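Structure first, commentary second.
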Protein chains: 2
Amino acid sequence: MSKTSQPKRKTERSLKHNHGACIETALSRAEQRCAEEGERFTGLRRQVLELVWAEHKPAKAYDLLKKLSDIRSGVAPTTVYRTLDFLQERGLVHKIESLNAYVGCSQPNAEHSGHFLICEACSEIKEIENSKISAWLESAAQDEEFKIKTETVELSGLCIRCQPS
Amino acid sequence: MSKTSQPKRKTERSLKHNHGACIETALSRAEQRCAEEGERFTGLRRQVLELVWAEHKPAKAYDLLKKLSDIRSGVAPTTVYRTLDFLQERGLVHKIESLNAYVGCSQPNAEHSGHFLICEACSEIKEIENSKISAWLESAAQDEEFKIKTETVELSGLCIRCQPS
DNA sequence: CGATGATAGTTATAATATAACACTTCAACT
DNA sequence: AGTTGAAGTGTTATATTATAACTATCATCG
Ligand SMILES: [Zn+2]
Ligand SMILES: [Zn+2]
Ligand SMILES: [Zn+2]
Ligand SMILES: [Zn+2]
């Protein structure tokens with residue numbers, strides 16, 4: 001970790017960014033969020049959230065289960081799913097339906113459905129700003145007089161780093 | 001089918017429409033599509049597609065398995081999944097990722113990702129016209145220099161019939 | 001006919017998710 | 001401090017969804 005040169009493209013998130021900061025931010029936001037809602041941010045919940053945030057990639061429930069087993073005892077599928085449900089309900093993680101996997105929510109703010117770009121090559125997932133997309137989708141739904149409650153928007157393809165040049 | 005008066009709102013699909021025609025259309029389109037591509041539209045494939053088209057609602061693989069077992073022998077999960085895969089690859093059915101279920105494709109034409117309105121109350125699913133939405137999503141992805149290959153767009157909520165008045 | 005590849009059958013198992021109930025912890029109240 | 005009730009977690013069992021690997025059958029073409 002004492003390397004000094006990092007010559008890289010600005011878009012190369014995995015190289016450029018201080019991911020420790022992502023994790024810190026996510027955890028402290030979670031803490032705050034739970035406090036606001038009178039919920040307890042327990043050790044288990046913190047550990048699961050940390051594991052989900054280990055990368056900007058989808059975390060599978062049973063992989064989380066394995067990793068969690070390394071750091072505490074008495075871990076079963078229920079443990080993981082219950083905790084993920086809790087985190088989801090508070091908007092701290094999202095489920096990626098097309099992958100049966102979970103990612104940390106990177107939109108600090110209000111309740112929202114996540115909208116995702118999913119790279120098929122490197123697996124990185126980016127949650128994109130959603131108000132514009134939500135407005136578009138609502139207008140499309142409105143044409144059918146349909147009232148949207150939750151949006152699943154998962155766009156798979158190639159991120160810039162993985163596109164052939 | 002000899003009723004003469006149909007006083008209903010144009011949006012009430014389940015009341016207004018001749019679903020037999022939906023099925024006929026889907027089957028003949030499938031036949032044509034397979035012919036074009038040099039694929040065989042076998043009895044099994046036809047039966048599965050018919051079952052998927054039984055309603056404008058999501059069909060679960062294991063429900064299809066049960067129904068299929070009633071009309072032929074030697075049916076196993078593999079049978080159903082393999083056939084659904086075949087139909088999906090030809091754009092004849094779509095998988096609804098958020099429900100782990102399948103619906104018939106109602107967009108005769110080109111290869112496309114489906115975009116869906118899913119009623120949480122009555123389960124009806126409507127595939128909506130997608131070129132506009134696709135264009136929007138592509139522009140959003142473009143902002144991140146992301147190249148979309150497949151779109152999962154599933155909007156859950158209430159259809160007009162199920163909205164409280 | 002007999003070779004060939006596609007289709008379908010068969011058996012087993014993997015991967016994902018939930019149910020039901022018991023035990024523990026923690027905060028609020030006396 | 002002791003009581004209590006709800007929230008959190010542990011435990012066991014099972015349901016649901018999906019795939020792998022191999023075999024048998026069928027359709028087509030030379
Ligand atoms: Zn990060
Ligand atoms: Zn990538
Ligand atoms: Zn119909
Ligand atoms: Zn409805």
Side-chain angles (χ1 to χ4, degrees), chain A residues 30-31 33-52 58-90 92-103 123 152 154, chain B residues 30-31 33-52 58-90 92-103 123 152 154:
Chain A
E31 207 164 336
R33 187 87 196 250
C34 288
E36 284 166 12
E37 302 190 6
E39 302 282 2
R40 293 168 50 206
F41 191 54
T42 63
L44 175 61
R45 288 165 181 173
R46 170 180 291 271
Q47 286 172 333
V48 171
L49 188 56
E50 276 179 5
L51 290 173
V52 168
K60 310 278 284 181
Y62 276 73
D63 291 341
L64 293 171
L65 171 53
K66 282 187 214 103
K67 289 178 185 165
L68 194 57
S69 300
D70 292 342
I71 54 177
R72 52 188 295 142
S73 61
V75 178
T78 318
T79 315
V80 173
Y81 283 107
R82 252 190 324 222
T83 308
L84 288 171
D85 284 351
F86 172 89
L87 296 171
Q88 252 185 290
E89 281 158 14
R90 272 88 205 157
L92 300 170
V93 306
H94 293 291
K95 180 172 187 186
I96 305 297
E97 298 288 355
S98 57
L99 297 174
N100 295 321
Y102 302 80
V103 290
S123 301
T152 299
E154 301 171 6
Chain B
E31 206 164 338
R33 188 87 196 252
C34 288
E36 283 164 15
E37 303 190 7
E39 302 283 0
R40 292 169 50 208
F41 191 53
T42 63
L44 175 61
R45 288 167 181 173
R46 168 179 293 269
Q47 286 172 332
V48 170
L49 187 57
E50 276 179 4
L51 290 173
V52 169
K60 310 277 284 181
Y62 276 72
D63 291 341
L64 292 171
L65 172 53
K66 282 189 215 100
K67 290 178 184 164
L68 194 58
S69 299
D70 292 342
I71 54 178
R72 52 188 296 143
S73 61
V75 178
T78 316
T79 316
V80 172
Y81 283 107
R82 250 189 327 220
T83 308
L84 287 171
D85 285 350
F86 172 89
L87 296 171
Q88 254 186 289
E89 281 158 12
R90 270 91 205 154
L92 300 170
V93 306
H94 292 292
K95 180 172 187 185
I96 306 296
E97 298 288 354
S98 57
L99 298 174
N100 295 321
Y102 301 80
V103 290
S123 300
T152 299
E154 301 172 6

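A, B, ... follow the sequence lines: proteins, then strands. Residue 1 opens every chain. Side chains are part of it too, since the values below use all heavy atoms of this structure and drop only hydrogens, waters and symmetry mates. Predicted model only: the values in this text are computed from it and were never measured.
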Value in whole Å for how far the C1' atom of dT9(D) lies from CZ of Phe86(A): 13 Å

Quick check for you: among dT9(D), dT7(C), dA19(C), whose closest atom lies nearest to any side-chain atom of Arg40(B)? dT7(C)

Does a side chain donor of either Thr152(B) or Glu97(B) reach within less than 3.5 Å of an acceptor in the other side chain? no

Would you mind telling me which of dT12(D), dA8(C), dA17(C) lies closest to the side-chain atoms of Ala76(A)? dT12(D)

Which nucleotide, dA17(C), dA18(D), dG9(C), lies nearest any side-chain atom of Lys95(B)? dA18(D)

Which nucleotide, dT11(C), dT11(D), dG10(D), lies nearest any side-chain atom of Arg82(A)? dG10(D)

Without decimals, in angstroms, what is the distance between Leu84(B) CG and dT7(C) C1'? 16 Å

Figure out the CZ/C1' separation between Phe41(B) and dA8(C), and round it to whole Å. 16 Å

From dA8(C), dA18(D), dG8(D), pick the nucleotide closest to the side chain of Arg45(B)? dA8(C)

Expressed in angstrom and rounded to an integer, what is the separation of Leu64(B) atom CG from dT17(D) atom C1'? 13 Å

Check for a donor-acceptor pair, side chain of Lys95(B) on one end and backbone N or O of Leu84(B) on the other, with a separation under 3.5 Å. no

Looking only at the side chain of Thr79(A) (C-beta and beyond, no hydrogens), which of the listed nucleotides dG8(D), dT7(C), dT11(D) gets closest? dT11(D)

Asp85(B) has an atom CG; how far is it from atom P of dA20(D), in whole Å? 10 Å

Counting only distance, no hydrogens or angles, is the base of dA20(D) paired donor-acceptor with the side chain of Thr78(B) under 3.5 Å? yes

Taking 4.0 angstrom as the limit, do Asp63(A) and Lys66(A) come out as a salt bridge? yes

dA15(C) phosphate, OP1 or OP2, under 4.0 Å from Asn100(A) side-chain N/O: no

Take atom CD of Gln88(B) and atom P of dA18(D), then tell me their distance rounded to the nearest Å. 10 Å

Under 3.5 Å donor-acceptor, Glu154(A) side chain and Ser98(A) backbone: yes

Are the ring of Tyr62(B) and the six-membered base ring of dT16(D) within the stacking cut-offs of under 5.5 Å and under 30°? no

When rounded to whole Å, the OH to C1' distance for the pair Tyr81(B) and dG9(C) reads 18 Å

The nucleotide from dT16(C), dG8(D), dG9(C) with an atom nearest the side chain of Leu44(B) is dG9(C)

Just distance, no hydrogens or angles: give the donor-acceptor pairs under 3.5 Å from side chains in residues 38-48 of chain B, sequence neighbours left out.
| residue | atom | partner | partner atom | Å |
| --- | --- | --- | --- | --- |
| Glu39(B) | OE2 | Arg90(B) | NH2 | 2.6 |
| Thr42(B) | OG1 | Arg45(B) | N | 3.3 |
| Arg45(B) | NH1 | Arg40(B) | O | 2.7 |
| Arg46(B) | NH2 | Glu31(B) | OE1 | 2.9 |
| Gln47(B) | OE1 | Arg72(B) | NH1 | 3.0 |

